[in-house]
Amino acid sequence: MENVFVFDHPLIQHKLTIIRDETTGAKEFRELVEEVSMLMAYEVTRNLPLEDVEINTPICRAKCKMISGKKLGIVPILRAGLGMVNGMLKLIPAAKVGHIGLYRDPETLKPVEYYCKLPPDVHERELILLDPMLATGGSASAAIDFLKKKGAANIKLMCLIAAPEGIEAVHKRHPGVEIYTAAVDQCLNDHAYIVPGLGDAGDRLFGTK
Ligand SMILES: O=P(O)(O)OC[C@H]1O[C@H](OP(=O)(O)OP(=O)(O)O)[C@H](O)[C@@H]1O
Ligand SMILES: O=c1cc[nH]c(=O)[nH]1
Ligand SMILES: [Mg+2]
């Protein structure tokens, strides 16, 4: 699949299996979502440009590399995307964090917006949109719409589990957006939950069910 990157690293796959398991409680679920996000951050940032710098080590002057001034932003979709923020910030502490509040209406399955706060310079940033679940793709597509309306041009989507339906929907509406995921699952069920999936990510993270 074009523009879809599936992370098959054994550590990610192992942790994702425990995340999926219905007997995993909220504490362990949260910790593992954070860990997997950190491992994924390592891959998502693989192509960041480096620049040459000169520093003094205790031994001598040395030519070394640092990530060049490219500005990064991470944007979790509330609520469930919040679970991925700390893992990302551990590796990219300088990234600014925007928030988009969306929930999926259980009847219509359409995303409903309730909050949006972004860094003022989103148009200059490479943005990584975070949401563990890409189901119908309605929420991610709406969030990308917001980001584009604010002038963002460079957007990646990072999730834990994607349904083929969600990938197709996002690519249809936003063909340039690369999707990074730890798994592509089978399909959606009658309530548009991902099969086999992990259930409701927000509820499992925050213990609300
Ligand atoms: O691809 P979609 O069909 O739009 O579904 C995916 C969305 O559903 C979940 O959020 P939810 O509506 O449960 O809100 P929550 O994070 O507050 O629980 C999930 O975190 C995504 O944002
Ligand atoms: O499987 C799904 C689908 C949407 N939202 C979730 O949290 N899980
Ligand atoms: Mg939810």
Check whether any side-chain N or O of [X] sits under 3.5 Å from a backbone N or O of [Y] as a donor-acceptor pair, and report yes or no.
X    : Y    : value
R125 : L72  : yes
E165 : L188 : yes
N86  : E34  : no
T136 : G166 : no
H191 : Y193 : no
D121 : E124 : no
R204 : L198 : yes
N3   : P175 : yes
T17  : Q13  : yes

Does the salt bridge (charged side-chain N to carboxylate O under 4.0 Å, His left out) test come out yes or no for E168 and K172, once each step is laid out? CA-CA 6 Å; E168 197 185 328; K172 202 164 166 196; 5.9 Å; no

Nearest 0.5 Å please: distance from the [atom1] atom of [X] over to the [atom2] atom of [Y].
X    : Y    : atom1 : atom2 : answer
L127 : N154 : CG    : CG    : 7.5 Å
L160 : M133 : CG    : CE    : 7.5 Å
M38  : K90  : CE    : NZ    : 6.0 Å
L32  : K27  : CG    : NZ    : 10.0 Å

Looking only at non-hydrogen atoms, find the nearest pair between [X] and [Y] and report the distance.
X    : Y   : value
F206 : R30 : CA-NH1, 4.5 Å
T57  : A62 : CG2-CB, 4.0 Å
I18  : T24 : O-OG1, 2.6 Å

Heavy-atom side-chain contact between V170 and L134 under 4.5 Å: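 In contact.
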
Pairwise side-chain contact, V75 with H99, heavy-atom cut-off 4.5 Å (strictly under):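 No, every pair of side-chain atoms sits at 4.5 Å or beyond.
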
Lys NZ or Arg CZ of R79 over Y114 ring: under 6.0 Å, within 45°: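 Ring-cation test returns no.
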
Pick one: which of K71, K150, K96 meets side chain to side chain contact (heavy atoms under 4.5 Å, CB included) with P119?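 Of K71, K150, K96, side chain to side chain contact (heavy atoms under 4.5 Å, CB included) with P119 is met by K96 alone.
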
Quick check: are there more than 12 heavy atoms from other residues, nucleotides or ligands sitting under 6.0 Å from NE2 of H123?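 Correct, the count exceeds 12.
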
Atom CD of residue position E54 - does it have more than 12 heavy atoms of other residues, nucleotides or ligands inside 6.0 Å?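 More than 12 heavy atoms, drawn from other residues, nucleotides or ligands, come within 6.0 Å of this atom.
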
Indicate yes or no: does D200 engage K209 in a salt bridge with an N to O separation below 4.0 Å.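 K209 and D200: not salt-bridged.
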
